[in-house]
Amino acid sequence: MVFDGTWFVHIAFLIAIGVSVFSVIGFLTYKPFLYLTANFTPASRLIMLRGYIFMPLIGGLVLAAMAKAPSIFHDTGLPIDHCHNEFGCFGREQNHIPTSTELLVLLVLLSCFALPFIRMVGHKHRSDKLVKNILTHSTQLDGRKAQVIETPEVFAFSVGYLKPIIVISRGLLHTLDAKQVDIVLAHEHAHTHHKDNLMKQISRIAACLHTPWCRKALLEHHNLCLELRADQQTQGDHWSNLDVAQTILNVHKASRRFKNNDLSLVVSFLGHAVEKRVEALLEEHPQKHLGHLTITMLVVTALFLASLTAVPYHNFLERLFQTLP
């Protein structure tokens, strides 16, 4: 098998077919998916949301592998069932002549990634510049991992992708008591620990393969779950859910004059759905948890089904391509 440019164009075309299939599936099922996952914990729901966001890309790769595997086994001569079509096995090198359709589909697929990727590079540059300026014009908070900006405004956020930092204002320190300041810092530490700024940008790129309506809903729920997870992880031995909810309301009340015009660069303490966060903290019904064993079983089952259906899918594409002019 010759891995030349033509071979990679053909593989990209197969990936694009799979991406299109799962993008349509995502559009048709995203509303039931969001409804069915609403009762899971924020951490579990984030896993499911990210799996759904990445579904077109991962699904495209899996379907391309399913379409190509029988051809590879056919060329190796291994005693593994593959197509026995009189026209030859779909996907062999001599049949890999890029068509205008393949090149057009490949161009569309690459263009879906191009703009979000360029935006991410721009955000990364601006974010690094912002971090540098903050470190230059701020002071560290009593040896703690937080930078204090000397301003009477009330705000707190984390910024940075690979090495995020926590930023709070002097006005916030003067407005809140010591316990509430600790709650704000714990919330922001949860964001930096999980590198939520980076994950927001990666999710935006992966979501570009969904339809606009589906992409908007998924990213809104993803951003909300980032805040809900940080709120939930802030609760512990020292603070209750009421303490966290009261802190959110106090900061919200005191920071109404503050307008952050570029929330795309930061994860702000009040950056998303204050009312929903408070409601989630005050709700008492139990939430479901998605365990590691369940995730492993789902992945293994999906791979097993993919291996069983590889040959039928391969033969379906073979017959489909032979009918095309």
Side-chain angles (χ1 to χ4, degrees), residues 12-64 101 104-124 191 194 196-231 260-268 270-280 283 287-288 290 295 298 302:
F13 177 64
L14 295 176
I15 293 174
I17 293 175
V19 167
S20 301
V21 170
F22 280 97
S23 180
V24 172
I25 293 174
F27 172 69
L28 295 176
T29 61
Y30 79 93
K31 289 184 178 180
F33 167 79
L34 294 175
Y35 175 78
L36 292 174
T37 59
N39 292 326
F40 281 82
T41 63
S44 296
R45 200 175 188 212
L46 270 175
I47 295 174
M48 292 184 284
L49 279 168
R50 287 170 181 170
Y52 203 90
I53 288 172
F54 278 85
M55 181 176 65
L57 179 59
I58 296 175
L61 293 172
V62 171
L63 287 185
T101 300
L104 178 61
V105 171
L106 177 59
L107 180 62
V108 172
L109 180 64
L110 292 177
S111 64
C112 289
F113 281 108
L115 184 57
F117 182 77
I118 292 173
R119 285 177 177 174
M120 180 177 177
V121 173
H123 284 168
K124 175 68 166 57
H191 283 311
H194 294 288
D196 285 341
N197 272 306
L198 177 62
M199 292 307 302
K200 279 177 60 177
Q201 297 300 329
I202 293 175
S203 297
R204 285 175 182 172
I205 293 178
C208 71
L209 297 177
H210 286 276
T211 61
W213 309 276
C214 180
R215 176 173 65 248
K216 181 180 178 181
L218 291 174
L219 291 180
E220 285 181 352
H221 282 266
H222 180 268
N223 292 339
L224 174 60
C225 283
L226 292 179
E227 298 300 330
L228 295 179
R229 180 179 64 180
D231 289 337
N260 192 329
N261 295 320
D262 203 352
L263 287 176
S264 62
L265 295 183
V266 304
V267 178
S268 173
L270 293 177
H272 200 86
V274 171
E275 295 83 0
K276 292 182 180 179
R277 289 169 58 191
V278 173
E279 289 176 3
E283 287 179 350
Q287 293 180 310
K288 301 176 183 178
L290 186 65
I295 298 174
L298 289 174

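Residue numbers count from 1 along this sequence.
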Does Leu63 reach the side chain of Phe22, with side-chain heavy atoms less than 4.5 Å apart?
yes

Can you tell me how far the OH atom of Tyr30 sits from the CE atom of Met55, to the nearest 0.5 Å?
12.5 Å

List the atom of Cys225, the atom of Pro42, and the distance in Å for their closest heavy-atom pair.
O-CB, 4.0 Å

Check whether more than 12 heavy atoms from other residues, nucleotides or ligands sit under 6.0 Å from atom CZ of Arg50, and answer yes or no.
yes

Testing the basics here: between Pro32 and Leu28, what is the closest heavy-atom pair and its distance to 0.1 Å?
CD-O, 4.4 Å

What residues, two or more places apart in sequence or in another chain, satisfy salt bridge (Lys or Arg N to Asp or Glu O under 4.0 Å) together with Arg215?
none

Ala64: what forms a side-chain contact (heavy atoms from CB on, under 4.5 Å) with it, not counting sequence neighbours?
Leu14, Ile15

For Thr29, which residues count as a side-chain contact (heavy atoms from CB on, under 4.5 Å) partner, sequence neighbours excluded?
Ile25, Tyr52

Tell me, do His123 and Arg204 make a side-chain contact under 4.5 Å, heavy atoms counted?
yes

Holding to ring pair (Phe, Tyr, Trp, His ring centres under 6.0 Å), I want the full list of residues that pass it with Phe27, two or more places apart in sequence or in another chain.
Trp213

Rounded to the nearest 0.5 Å, what's the gap from CG on Leu226 to CG on Asp196? Could you check?
4.5 Å

Ile58: partners by side-chain contact (heavy atoms from CB on, under 4.5 Å), with sequence neighbours left out
Phe54, Val62

Rounding to 0.5 Å, atoms NE2 (His191) and CG (Asn197) come to a distance of 8.5 Å

Roughly how far, to the nearest 0.5 Å, is CG of Leu34 from CG of Leu49?
6.5 Å

Would a distance-only check, ignoring hydrogens and angles, find a side-chain to backbone donor-acceptor pair under 3.5 Å from His210 to Ile53?
yes

Can you list everything that forms a side-chain contact (heavy atoms from CB on, under 4.5 Å) with Met120? Sequence neighbours excluded, please.
Leu198, Gln201, Ile202, Ile205

Steps toward side chain to side chain contact (heavy atoms under 4.5 Å, CB included) verdict (Val267, Glu227)
CA-CA 9 Å; Val267 178; Glu227 298 300 330; 3.3 Å; yes

Distance, nearest 0.5 Å, that separates CZ of Arg229 from CG of Leu46
5.0 Å

To check you understand the geometry: which heavy-atom pair defines the closest contact between Phe40 and Met48, and what is its length?
CG-CE, 3.3 Å

So, does Thr37 use its side chain to make a donor-acceptor pair with the main chain of Arg45 at under 3.5 Å?
no

Taking Val19's backbone N and O only, do any of them form a donor-acceptor pair with Ser23's side chain (distance below 3.5 Å, no angle check)?
no

What's the spacing between Cys208 SG and Leu219 CG if we round to 0.5 Å?
10.0 Å

